[in-house]
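To start, the structure itself, in structure tokens.
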Amino acid sequence: MSAKILDGKLIAAEMRREIAADVAALKARGVTPGLGVLLVGDNPASRSYVTGKEQACAEAGMFSQETGLPATATREEILAVVRQFNGDAKIHGILVQLPLPDSRIEQEVIAAIDPDKDVDGFHPTNVGRMVVGLPAFLPCTPHGVLQMLKRSGIRASGKHVVIVGRSNIVGRPLANLLSMKNELGNATVTMCHTGTPDIGAFTRQADIVIAAAGRPGTITADMIREGAVVVDVGVNRVPDATKKSGFRLVGDVDFPAVSQKASAITPVPGGVGPMTITMLLFNTVWSAKRSMK
Ligand code: GUN
């Protein structure tokens, strides 16, 4: 079997048209949704993500403002930028690009973001609200995965979903959302991680496999049941001398082999990535709407 390709660019474009229409309506009422972006240091992957997010804002008619700090910035300097964004009425959403050069202060910086502007959905208030099913900013990659499945006609309800990876950004919130009793969830969820001795023993039982381990080649064809749906959240740079940049992007899944066995699969690039950015726009517009109430 050759898998159906779940085209994230196409689904994201459809959602971004809906978002742009919302932005136009808000602007007509005098409010331009605004995103404040903080980038600390010069990690090339982070630079590239931030540029993609800012371009997407501009294309949707939104406003974005970036503050850059050197990798040597102090905790106080970083917190000062967050506080300035918190107090700026033009900014409805705050994005502190992770990882920070000093990962030890990440939780403190996230906790300093006004939960009402936390469009990444990383603040403990929003994480807690999400877990108990209260309205909250949902983290962008997990929400993007759910929207992608929904808009591709793939229902998670009643299925066995195996997630590989337990990060705060992807694996853990996805496990939460997919196990909820609602339209996008209601799945039986298993989470595997680096402490799981035989990940394949679990993924072979899955109707849907979600790879979010951050390591190329994590999911090979022998780990996938014939006809399963495979969602690849991984974004890994591997050296490639034939590319001008010197690298190419690959996911966590061995795409050529797995796509012969799966019924549907997301590519990298062009799968989950564009959906993540789209959900950031979605959250920022939602925040702008709430600020008017
Ligand atoms: N780094 C990797 N993914 C993300 C994300 O979704 N948001 C932020 N702020 N940083 C990230």
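Counting convention: from 1, in listed order, for ligands and their atoms alike. Throughout, residue positions are numbered sequentially from 1 according to the sequence presented.
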Residue pairs involving residues 51-98 (criterion ring-ring contact (aromatic ring centres under 6.0 Å, His included); sequence neighbours excluded)
none
Going by the rule side chain to side chain donor-acceptor pair (under 3.5 Å), which residues pair with Thr218 if we only count those two or more places apart in sequence or in a different chain?
none
side-chain hydrogen bond (donor to acceptor under 3.5 Å, both in side chains) partner of His123, the single match among Asp120, Asn126, Thr125:
Thr125
Step by step, would you call Thr194 with Arg166 a side chain to side chain donor-acceptor pair (under 3.5 Å)?
CA-CA 9 Å; Thr194 47; Arg166 59 178 155 188; 3.1 Å; yes
Neighbouring residues of ligand 1, heavy-atom cut-off under 4.0 Å:
Lys53, Leu95, Val96, Gln97, Leu98, Asp120, Phe122
Members besides Leu95 in its Ile/Leu/Val/Met/Phe/Trp/Tyr cluster (side-chain heavy atoms under 4.5 Å):
Leu35, Val37, Leu39, Val50, Val119, Phe137, Leu280, Trp286
Within the structure provided, determine whether Asp116 and Ser287 are in side-chain contact (heavy-atom separation under 4.5 Å).
no
